[in-house]
Each structure stands twice: as C-alpha cells, then as structure tokens.
**Student:** 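Pasting a structure below so you can have a look.
Lettering of chains follows the sequences in order, A, B, ..., and the numbering in each one begins at 1.
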Amino acid sequence: MKIGYPCINRTLGCTGDRTFRLKSYSEERLVAAVANNLDCLMTMLRFNADHNMLFFRITSDLVPFASHPVNRFDWKGRFGAEFEEAGAFIREHDIRISMHPDQFTVINSPDPGVSKRSIRELLYHADVLDSMALDTTARIQIHVGGVYGDRDQSIRRFESVFRELPVQVKRRLAVENDDRLYGLRDCLSVSRQTGIPVIFDTLHHGALNSGEDIETAVEAASRTWTTETGMPMVDYSSQRVEGRRGRHVESIDLEDFALFLETTKPYDFDIMLEIKDKEESALKAVQAARRDPRFIHTEQHS
DNA sequence: AATGGTCAAGTCAGC
DNA sequence: GCTGACTTGACCATT
C-alpha cells in the first residue's frame with residue numbers, strides 16, 4: 001500500500017501546473033512553463049519520497065496545450081533529459097504514478113471530433129509517461145463518458161473505441177467510476193469486455209452505486225488488476241458533512257480513514273487522497289497508516 | 001499594484 | 001435553450 005495526493009503541493013512554494021492563455025501562446029512561454037513545471041515536479045517527487053508518500057498523480061497541465069493544434073513544439077525532444085531524470089527518480093524510489101485527463105476527455109462521444117481530440121489528449125498523457133520510461137503500472141485514468149440517451153450503446157461505443165486505441169494509450173488506460181452516469185458496476189462490466197483495470201473512487205461510489213458496500217466494491221475492483229497493471233488504485237475522499245454533493249473535504253477525516261483501512265483489511269491497494277489540502281492530508285494519512293501491515297515504509301533507519 | 005472576470009476542450013441536470 | 005457544476009488557481013486586461 002502506497003499513499004499519495006494529486007498534482008500539486010501547497011507548501012513547497014512552486015507551482016507544477018503553470019500555464020498561460022491560448023491567446024498569448026508562444027514557444028517562449030511554452031518552454032518557460034514546461035521548464036518550470038518539470039522543475040517543480042522534481043521538487044515534489046523529492047518531497048514525497050522524503051515523506052513516505054509513494055503514490056503521485058502527475059498534473060495534465062505539465063505541458064500546456066500539449067494536444068492542441070497550436071502546439072507544434074517538440075517538447076519531448078527539448079526536455080528529454082528532464083523527463084528521463086524524473087523517470088529515473090520515480091523508478092529508483094519505486095513511486096507509483098497516475099494521470100487523470102480532465103472532463104473534456106470523452107472517448108465515447110458520438111461526435112467524432114470530440115472522440116478524436118480525446119484520443120490526442122490521451123496520447124499526450126502516454127507520451128509523458130513513456131518519456132519517463134515508466135512501465136505499465138503507471139496508469140491514465142478516465143471515466144466511461146457520456147450517456148447520450150442510450151447507456152448500453154454508449155458503453156459499447158466506449159469498448160469499441162478502446163479496441164481501436166493506439167497501443168501506447170491502450171496499455172495504460174484505467175477506468176474510474178463516476179458520481180452520476182457510470183458507477184462501479186458499469187466499470188466492472190467494461191473491464192470484463194476489455195481487460196481495463198478499474199479504479200474505485202469512494203466518494204463517487206457514495207453518490208452512485210448499486211448497493212455494494214465498501215469491502216465488496218474494493219474486492220471487485222481489485223480483481224481487475226494484474227501484475228502487468230500493478231497494485232490496484234483507489235481514489236479516497238470522504239463526503240463533507242454539510243457540503244454540496246460530491247464536494248471534496250477540506251482536510252482528511254482520520255476517523256473515517258481509519259474505518260476505511262479497517263474495512264478493507266483483506267485487500268492491498270494504493271490510495272490516492274483526493275482532498276483539498278493535498279499533501280497535508282496525505283501526511284496525516286501516512287501517519288495513520290503507519291501501523292498498517294500493508295503500508296510500505298521507506299524512511300531511513302533511525 | 002490590485003482586482004476580478006475569465007480561462008481549449010464536454011456532458012448533463014435543473015431551471 | 002441556457003447556466004452552473006464538475007475543481008481550481010492563476011492569468012492578464014483593466015483600472
């Protein structure tokens with residue numbers, strides 16, 4: 001079991017997702033942003049390794065406008081050494097990596113333009129992980145997509161698009177249950193048809209489920225992972241008590257987290273903490289998991 | 001220098 | 001039909 005947080009660190013004083021407006025696009029700005037973002041990525045990775053946080057989600061904003069036609073710059077070539085350096089560090093410290101393209105990435109859209117742009121975006125994500133020479137346990141997580149008035153047909157469209165995906169993308173994809181359209185049961189069904197591993201999101205499951213309790217859900221999702229795809233990934237967040245639907249909490253509820261660890265004891269997986277205060281909660285979770293036999297310790301003997 | 005409207009992209013619920 | 005949520009900060013035009 002490894003514990004981590006997504007994309008940005010709020011205490012290190014660097015922003016790893018610097019971007020700029022499309023209107024002000026220039027090669028100069030792009031190079032400056034990517035240089036900054038890769039530099040900050042290294043800072044975050046070092047911090048994480050120092051603090052026993054061995055699961056990390058790399059931001060999709062690492063390379064601004066990466067899949068946009070405006071960007072014809074060879075960022076892979078220009079920053080090859082930096083990507084290799086980050087990859088070497090990740091491999092050396094055995095850090096688990098995920099990426100999560102945002103909601104515009106919808107491969108099952110009936111609009112071929114949307115689907116095509118989504119695949120280009122996925123290729124960008126695969127390029128990042130490939131440039132770091134990471135194996136296929138580094139995953140790109142997406143949702144099934146839209147319903148378009150016909151769930152079954154839309155699921156089938158996801159599956160047929162998946163089968164035609166470029167292999168670089170195909171080998172890294174993971175599908176995550178969402179909170180209003182496609183729940184765990186749908187993702188498991190997609191997994192049976194395609195072999196895609198399922199990332200279980202606890203908060204989404206709270207909003208949309210078929211009655212599965214947490215243990216059942218974690219068990220079922222875990223079975224979709226292999227040695228090829230790695231340790232199962234779980235997105236964990238608890239519901240804000242008097243918050244709006246689906247909102248992430250400010251900071252981790254350690255009581256709830258302890259209960260979650262207890263409930264899922266028979267299964268091992270990596271936990272991504274989707275919580276507003278990012279590394280602060282992850283640090284607390286690492287402390288809480290310290291005595292858990294599943295938890296991987298890397299701190300120096302002392 | 002401070003501010004606040006706005007930012008590449010999609011989909012759906014709710015009005 | 002249109003707006004807001006999803007999630008969020010920060011860019012940058014305007015003052």
Side-chain angles (χ1 to χ4, degrees), chain A residues 5-26 28-30 32-34 36-37 40 44 57-73 75 98-125 140-151 153-155 157-158 161 175-183 186 199 201-208 235-240 243-251 272-281:
Chain A
Y5 61 95
C7 305
I8 58 169
N9 183 304
R10 327 240 281 197
T11 52
L12 284 177
C14 73
T15 53
D17 57 352
R18 212 175 101 196
T19 184
F20 50 89
R21 297 286 179 264
L22 178 59
K23 271 195 284 190
S24 57
Y25 181 92
S26 74
E28 212 178 351
R29 275 176 179 276
L30 180 76
V34 177
N36 168 81
N37 292 347
C40 186
M44 291 190 283
R57 182 182 299 163
I58 295 175
T59 178
S60 296
D61 292 330
L62 189 67
V63 181
F65 307 105
S67 72
H68 192 283
V70 75
N71 185 347
R72 310 249 207 79
F73 184 71
W75 50 268
S98 68
M99 294 187 82
H100 193 352
D102 63 12
Q103 72 264 35
F104 310 111
T105 303
V106 186
I107 66 170
N108 82 335
S109 175
D111 179 337
V114 171
S115 190
K116 200 174 130 197
R117 285 191 290 278
S118 296
I119 293 168
R120 272 211 300 269
E121 179 71 357
L122 288 171
L123 272 168
Y124 149 61
H125 284 76
I140 302 169
Q141 62 188 95
I142 60 171
H143 299 293
V144 176
V147 169
Y148 315 101
D150 188 336
R151 293 176 56 80
Q153 202 192 328
S154 296
I155 287 179
R157 198 163 50 244
F158 178 96
V161 171
V175 68
E176 175 199 347
N177 59 305
D178 69 72
D179 58 353
R180 47 193 195 115
L181 304 177
Y182 296 105
D186 301 310
I199 295 180
D201 184 304
T202 61
L203 182 61
H204 292 163
H205 190 71
L208 176 68
D235 285 353
Y236 172 89
S237 176
S238 36
Q239 179 72 49
R240 179 151 64 184
R244 306 164 51 85
R245 178 186 68 95
R247 266 305 189 53
H248 288 167
V249 288
E250 284 299 320
S251 188
M272 179 59 60
L273 293 163
E274 295 190 319
I275 295 175
K276 242 182 141 162
D277 65 2
K278 307 281 179 185
E279 79 287 351
E280 241 170 89
S281 281

**Student:** Select from A:Ser24 and A:Arg10 the residue whose nearest nucleotide in DNA chain C is closer to the 5' end of that strand.
**Tutor:** A:Arg10
**Student:** Over 60° means perpendicular and under 30° means parallel, so classify the ring planes of A:Tyr25 and A:Phe20, tilted if in between.
**Tutor:**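 Tilted: the ring planes of A:Phe20 and A:Tyr25 meet at 30° to 60°.
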**Student:** Send over the distance from A:Leu208 CG to C:dC6 P, rounded to a whole Å.
**Tutor:** 16 Å
**Student:** Provide the closest heavy-atom pair for A:Leu181 versus A:Leu208 in the form atom of the first, atom of the second, distance.
**Tutor:** N-CD2, 3.6 Å
**Student:** Using the P atoms only, state how far B:dA8 lies from C:dC12, rounded to an integer number of Å.
**Tutor:** 9 Å
**Student:** Output yes when at least one side-chain N/O atom of A:Arg18 is less than 4.0 Å from OP1 or OP2 of C:dT8, else no.
**Tutor:**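 For A:Arg18, the contact criterion (side-chain N or O under 4.0 Å from OP1 or OP2 of C:dT8) is not met.
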**Student:** Testing A:Glu176, A:Glu274, A:Arg57 one by one against A:His100 for a side-chain hydrogen bond (donor to acceptor under 3.5 Å, both in side chains), which residue passes?
**Tutor:**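 Among the candidates, only A:Glu176 passes.
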**Student:** Does the side chain to side chain contact (heavy atoms under 4.5 Å, CB included) test come out yes or no for A:Thr15 and A:Asn36, once each step is laid out?
**Tutor:** CA-CA 8 Å; A:Thr15 53; A:Asn36 168 81; 4.1 Å; yes
**Student:** For the pair made of CD1 in A:Ile142 and C1' in C:dC6, what is the distance, rounded to whole Å?
**Tutor:**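 One finds 17 Å between C1' of C:dC6 and CD1 of A:Ile142, rounded.
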**Student:** Is the distance between the ring centroids of A:Tyr124 and A:Trp75 under 6.0 Å?
**Tutor:** yes
**Student:** Measure the spacing between SG of A:Cys7 and CE of A:Met99 and express it to the nearest 0.5 Å.
**Tutor:**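 That separation rounds to 8.0 Å.
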**Student:** Give DNA chain B the dot-bracket treatment, 5' to 3': Watson-Crick (N1-N3 with N6-O4 or O6-N4) or G-U (N1-O2, O6-N3) under 3.5 Å, [ ] crossing, | other strand.
**Tutor:** |||||||..||||||
**Student:** Using a heavy-atom cut-off of under 4.0 Å over every strand shown, decide if A:Arg120 touches base, sugar-phosphate, or nothing.
**Tutor:** nothing
**Student:** For nucleotides 8-15 of chain B, give me one character per nucleotide, 5' to 3': B if any protein heavy atom sits under 4.0 Å from the base, S if the only such contacts are to the sugar-phosphate, - if neither.
**Tutor:** BBBBS---
**Student:** Within this structure, what is the CD1-to-C1' distance between A:Ile8 and C:dG9, rounded to whole angstrom?
**Tutor:** 7 Å
**Student:** Taking the C1' atom in each of B:dA9 and C:dA13, what is the distance between them to the nearest angstrom?
**Tutor:**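 These two C1' atoms come out 23 Å apart once rounded.
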**Student:** So which atom in A:Gln141 and which in A:Asp235 form the shortest heavy-atom distance, rounded to 0.1 Å?
**Tutor:**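 Where A:Gln141 meets A:Asp235 most closely, the heavy atoms are NE2-OD2, 3.0 Å.
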**Student:** Quickly work out the A:His204 NE2 to C:dT7 C1' distance and round it to whole Å.
**Tutor:**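 Rounded to whole Å, this separation is 11 Å.
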**Student:** Any side-chain donor paired with an acceptor under 3.5 Å for A:Asp277 and A:Ser251?
**Tutor:**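 Result is yes, a qualifying pair exists.
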**Student:** Side chains of A:Asp17 and A:Thr19 only: does a donor on one sit below 3.5 Å from an acceptor on the other?
**Tutor:**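 Not at all, the side chains of A:Asp17 and A:Thr19 share no donor-acceptor pair under 3.5 Å.
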**Student:** Distance between the P atoms of C:dC11 and B:dT11, in whole angstroms?
**Tutor:** 29 Å
**Student:** Between C:dG9 atom C1' and A:Leu62 atom CG, what is the distance in whole Å?
**Tutor:**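 Whole-Å distance recorded here is 17 Å.
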**Student:** Quickly work out the A:Asp178 CG to C:dT7 C1' distance and round it to whole Å.
**Tutor:** 15 Å
**Student:** Looking only at heavy atoms, what is the nearest atom pair of A:Arg21 and A:Phe65, with distance?
**Tutor:**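 In this case the closest contact between A:Arg21 and A:Phe65 is C-CZ, 3.9 Å.
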**Student:** Could you check how far CG of A:Asp179 sits from C1' of C:dT7, rounded to whole Å?
**Tutor:**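 So the CG-C1' distance, A:Asp179 to C:dT7, works out to 12 Å.
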**Student:** Taking C:dG4 as the reference, what is the distance to B:dC7 when you measure between their P atoms (whole Å, please)?
**Tutor:**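 The answer is 14 Å between these two P atoms.
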**Student:** Say you pick atom C1' in B:dT6 and the same atom in C:dT3; how far apart are they, in whole Å?
**Tutor:** 16 Å
**Student:** A:Glu274 CD to C:dT7 C1': how many Å, rounded?
**Tutor:**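 About 11 Å, once rounded to whole Å.
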